Amino acid sequence: MLKTETPDQQHAELDQYPTVELVNTLVDDQINAVNAVRAAAPRIAAAVTAALPRIEAGGRLIYVGAGTSGRLGVLDSVELYPTFSWPTERAVALLAGGTKAMFVAVEGAEDDIVQGEADLRAVGAGPNDVVLLIAASGGTPYVLGALRAARALGALTVGFANNTDAPVANEAEIGVTLDTGSEIISGSTRLKAGTSQKIALNTFSSALMVRLNKVYGNLMVDLKPTNAKLIRRAVRLTMIATGADETAARAVLEQCDFHVKVAVVALTRNTDVTQARALLETARGSVRRALAA
C-alpha cells in the first residue's frame with residue numbers, strides 16, 4: 001500500500017478527539033510537509049538549475065496534474081503573472097478533466113493515460129519547455145501519459161511525488177520525492193501531501209524567477225500592478241529600493257507604466273525612464289547590473 005494511503009495508526013481515534021485537540025493535531029501534522037520539502041531541497045535546486053537555460057531560451061513552464069495536485073499546478077501558474085510579470089502564455093497548466101475540473105471533480109479523468117499524452121502534445125511542447133508533473137501517488141495515469149510524451153518531445157521533465165520509488169519521480173529527468181508519509185485522515189492527500197506540493201512548486205518557481213532577475217535584493221520588482229493594491233505595492237517597493245519619497249516614486253512610476261524595475265534604475269541613476277529601460281535591457285533585466293553599469 002502507498003504511504004499516502006496507509007492509515008495513520010497514531011491517530012486511529014481521531015474522530016473522538018476534542019475539537020481543540022483535533023485542530024491542533026491537524027495543524028501540527030503540517031510540519032511534516034515542510035520537513036519533506038526541506039529534505040527534497042537539493043532536487044528542487046537541481047530542477048531550477050536545469051530549467052534556467054531552457055526558460056532563458058524562450059521555453060515555457062507546463063504544469064500537469066489531476067485533482068488537488070493539478071489544481072495546485074494551476075494556482076502556481078496563474079500567480080506568476082501578477083507576481084513576476086511572467087507572460088501567461090509561458091505558464092501553461094494542464095488539469096485532468098479540463099478547466100471544469102478546477103471547480104468540480106471529473107471522475108475517471110485522472111485514469112486516462114492517452115488523454116494525458118494528447119493534452120501535452122496539443123500545447124506543442126518542445127525542447128525548451130519545462131514540464132512539471134505533479135502526483136501525490138506518483139502513478140497517476142494522466143500525468144504519466146504527459147510525462148512520457150514530454151520526454152519524447154525533448155522537454156525537461158520534473159516529477160513531484162509523495163511516495164518513494166514512484167513512477168512520476170523515477171521516469172522524469174529530475175525526480176522530487178516529497179515523502180510526507182501517511183495522512184491523518186487516511187488517503188486525504190489534500191492535507192500535508194498537498195501542502196508539500198504547494199511549498200515545492202512555490203519554491204521552484206520563485207527560485208527560478210529570482211535567477212531570471214525578477215527580484216532585486218528580496219524585493220518583488222517585476223510585479224504587474226493590475227489593481228489598486230498592487231499599484232500601492234509598486235510605489236512602496238520603489239520607495240524601499242531607492243529611498244525616494246512617495247511623490248517622487250509615484251511620479252516616475254507613472255512615466256513607465258508602474259514598472260518598478262525601470263523606476264528603481266531611473267531614480268537611482270538619476271536618469272529618464274527611456275535610458276533606464278535601455279540599461280535594463282543591456283543588463284538582461286538585472287537591476288543590480290543595470291545600476292553598476
Side-chain angles (χ1 to χ4, degrees), residues 36-65 69-70 72-95 116 119-121 123-135 138 143-162 166-178 196-216 218 220-224 283-286 288-289:
V37 180
R38 184 180 288 122
R43 301 299 295 161
I44 297 172
V48 172
T49 299
L52 184 60
R54 299 190 189 224
I55 296 300
E56 287 181 326
R60 299 169 295 171
L61 294 172
I62 302 175
Y63 300 74
V64 183
S69 299
L72 289 169
V74 173
L75 177 62
D76 201 68
S77 72
V78 167
E79 291 183 340
L80 293 179
Y81 175 72
T83 308
F84 300 110
S85 295
W86 188 249
T88 54
E89 66 272 14
R90 295 183 67 189
V92 178
L94 301 179
L95 177 61
D119 286 354
L120 196 283
R121 290 184 179 276
V123 298
N128 286 332
D129 292 326
V130 178
V131 183
L132 308 172
L133 303 125
I134 316 143
V143 178
L144 287 174
L147 188 161
R148 290 163 187 167
R151 294 213 64 168
L153 294 166
L156 174 67
T157 53
V158 183
F160 296 85
N162 290 91
V168 164
N170 289 344
E171 294 186 28
E173 288 174 70
I174 299 175
V176 180
T177 300
L178 307 169
S196 72
Q197 292 173 352
K198 175 69 165 64
I199 298 170
L201 291 172
N202 259 182
T203 300
F204 170 82
S205 61
S206 297
L208 183 61
M209 293 297 145
V210 171
R211 289 289 167 257
L212 291 168
N213 301 315
K214 301 288 188 179
V215 174
Y216 172 51
N218 67 343
M220 193 173 74
V221 294
D222 217 7
L223 80 162
K224 185 64 66 176
R284 299 182 66 186
S286 169
R288 197 172 295 279
R289 288 199 296 270

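Nothing here was measured: the structure is a model prediction, and the numbers come from that model. Side chains included, hydrogens not; waters and symmetry mates left out as well; all remaining heavy atoms used.
At most 12 heavy atoms of other shown residues, nucleotides or ligands fall within 6.0 angstrom of atom CZ in R284.
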In sequence, state the C-alpha distance, the side-chain angles, and the governing distance for T157 and E171, and then conclude on side chain to side chain contact (heavy atoms under 4.5 Å, CB included).
CA-CA 9 Å; T157 53; E171 294 186 28; over 6 Å; no
Worked check of side chain to side chain contact (heavy atoms under 4.5 Å, CB included) between M209 and V215
CA-CA 7 Å; M209 293 297 145; V215 174; 5.6 Å; no
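The nearest pair of heavy atoms linking I134 to G73 is CD1-CA, 3.9 Å. Closest approach of A150 and V131 over heavy atoms only: CB-CG2, 3.9 Å. Heavy-atom minimum distance, A50 versus I174: CB-CD1, 3.7 Å. The two residues V130 and F204 have their closest heavy-atom pair at CG1-CZ, 4.3 Å. Across all non-hydrogen atoms, the minimal contact from T49 to P53 is O-CD, 3.2 Å. Heavy atoms only, all atoms of each residue included: F160 and L201 are closest at CE1-CD2, 4.1 Å.
In this structure, R121 and L153 have side chains that are in contact, with non-hydrogen atoms separated by less than 4.5 Å.
The side chain to side chain donor-acceptor pair (under 3.5 Å) analysis of residues 85-95, with sequence neighbours excluded, yields no pairs.
Side-chain atoms of T83 come within 3.5 Å of backbone atoms of E79 as a donor-acceptor pair (strictly under, hydrogens ignored). In terms of modelled atom types and a separation under 3.5 Å, the side chain of R54 and the main chain of G59 share no donor-acceptor contact.
The CG atom of L208 lies 13.0 Å from the CD1 atom of I44; values are rounded to the nearest 0.5 Å. To the nearest 0.5 Å, the span separating CD on E173 from CG on L147 amounts to 9.0 Å. Taken to the nearest 0.5 Å, the CG atom of L156 stands 11.0 Å off from the CD1 atom of I62. Atoms OG and CG, on S69 and L132 in that order, are 12.5 Å from each other to the nearest 0.5 Å. Between the CZ atom of R38 and the CD1 atom of I199 there is a distance of 9.5 Å, given to the nearest 0.5 Å. Atoms CG and CD, on N162 and Q197 in that order, are 5.0 Å from each other to the nearest 0.5 Å.
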